[in-house]
Number of protein chains: 2
Amino acid sequence: MVLRDKILRAATELYAETGFRGTTTRQIARRAGVNEVTLFRHFGSKTALLHEAIQCACAREERRLLPLIPGEVRVELLAWARAVWAGLWHRRGVIRTALGEIEAHPQLYPKENSATASAGRELASYLRRLRAAGRVRASLDVPAATAMLMGTLFTDAMSRDILPFLYRRNPTEAVPEYVDLFLAAIGANAPHSQESR
Amino acid sequence: MVLRDKILRAATELYAETGFRGTTTRQIARRAGVNEVTLFRHFGSKTALLHEAIQCACAREERRLLPLIPGEVRVELLAWARAVWAGLWHRRGVIRTALGEIEAHPQLYPKENSATASAGRELASYLRRLRAAGRVRASLDVPAATAMLMGTLFTDAMSRDILPFLYRRNPTEAVPEYVDLFLAAIGANAPHSQESR
DNA sequence: ACCGGATGCAAGTGGGCGCTTGCATGGGCC
DNA sequence: GGCCCATGCAAGCGCCCACTTGCATCCGGT
């Protein structure tokens, strides 16, 4: 079944580069090193092929979890944010294209199940745990705070290569800055060993 | 010259809905209530037409300025953030599509001159003024803070209608929440009349 | 009244598209 | 060896695309 995967990978790449209409079956076949007929014998139609390719590309995302019992908030959040950013960055091509075409082909894309959406849920429930433990400001608006950190990471990963002049720091430096700003925003205070930054 | 504008508006709409390849000259002509030949007589080619349409759509954005001498930071930032969010929301269709196609057709889109980029510059210089005036934490990382607020507003405006289950608050409530979180993040303190929220 | 420029209309051109068909080929399994 | 399934190859089908051409029409300025 190596061949199926080669086709799917070629389809995903081309989709990320040129979108649904821009991706032709001839291109997919050429990049996969396969005859064009083979695509149709395997997947039936271009739509079915791209559907499967996109689902695969999104599903392969491994979920990164935040601890059930919060410990060192800065350490935990930083590791999580790095992983989320890396995942977004790695798939930025597909995500950007999908975002632009989701209105035209809504059935092609996962929404509730998208990696970004579940990362958001993960963060929100972690923040609720922090608030319940009195580790952050009691008046914290969890959905807004979630949207803030997710939005920061998302926009950075999506536009860093397009508008490079906006991002002077490289990602290894930028993400910790975001996390520290975020900790200040939510009023994080740790019972044990928190340095201000 | 009403006709030219009708064509450009139709082209922009269709582009936002279906992208460059998805937009056909026949569709543009029909939506503009014009014969297809007229498009070519006016603009020469589909590419030239869409190029002008996109440039117009982005240029019409009015710049929203932040005061040179900061006064009531929360009031000023909130008004600015509302305006920026509204601009992003209004053009979300074109922006999403453009973001997905900027790799394939880079010359079609403004980058340095995009409304989002100049809004980011505006915010960054305002933050530098605040820092110089000692109104925010002295150690504030201006580029990171800028990326944070811009990213929050951008992602909200881009994904609110796509992932509605992530956004429980309507935008009129959400933007102030973002601003308050942001004020806490940058350690804003006002010399006169700042209530905590 | 007349002229010229802008527009509409109908038809067509070459090319790329998704997809199909028919046949040759080759490699693993009995 | 003989069979069968997967794949390659070549050709083609109908469709839509961007774009062109030639001609009719209309409308405003003089």
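Keep in mind that what you see is a predicted model, and the values were worked out from it rather than measured. Here is the naming used below: chain letters follow the sequence lines, and residue numbers restart at 1 for every chain.
Using a 4.0 Å heavy-atom cutoff across all strands shown, B:V37 reaches at least one base atom of the nucleic acid.
Residues B:T24 and B:T18 are not in side-chain contact: their nearest non-hydrogen atoms beyond the backbone lie 4.5 Å or more apart. Residues A:I162 and A:R96 are in side-chain contact: their nearest non-hydrogen atoms beyond the backbone lie under 4.5 Å apart.
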Under 3.5 Å, side-chain donor or acceptor atoms of residues 80-89 of chain B against the rest of the protein: list the pairs with distances, not counting sequence neighbours.
unit_1 : atom_1 : unit_2 : atom_2 : d
B:W80  : NE1    : B:R64  : O      : 3.4
B:R82  : NH1    : B:T172 : O      : 3.3
B:W85  : NE1    : B:D156 : OD1    : 2.9

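Listed by chain and number, the residues in a salt bridge (Lys or Arg N to Asp or Glu O under 4.0 Å) with B:R92 are B:D161 (sequence neighbours excluded).
The separation between A:R30 atom CZ and D:dG8 atom P is 15 Å, rounded to whole Å. One interatomic measurement links the two molecules: CG of B:N35 to P of D:dT21, which rounds to 16 Å at whole-angstrom precision.
Between B:H42 and C:dA6 there is no side-chain N or O to OP1 or OP2 distance below 4.0 Å.
Residue-to-nucleotide contacts include no donor-acceptor pair under 3.5 Å from the side chain of B:R41 to the base of C:dG5.
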For nucleotides 17-19 of chain D, list the nitrogen or oxygen atoms of the protein found under 3.5 Å from its nitrogen or oxygen atoms, one pair per line.
unit_1 : atom_1 : unit_2 : atom_2 : d
D:dC17 : OP2    : B:R26  : NE     : 3.2
D:dA18 : OP1    : B:T23  : O      : 3.3
D:dA18 : OP1    : B:T25  : N      : 3.4
D:dA18 : OP1    : B:K46  : NZ     : 3.0
D:dA18 : OP2    : B:T25  : N      : 3.0
D:dA18 : OP2    : B:T25  : OG1    : 2.9
D:dC19 : OP2    : B:K46  : N      : 2.6

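Between the A:E76 side chain and the A:E72 main chain, a donor and an acceptor come within less than 3.5 Å of each other.
Of the charged side-chain nitrogens involved, at least one lies within less than 4.0 Å of a carboxylate oxygen, so that B:E52 and B:R4 count as a salt-bridged pair.
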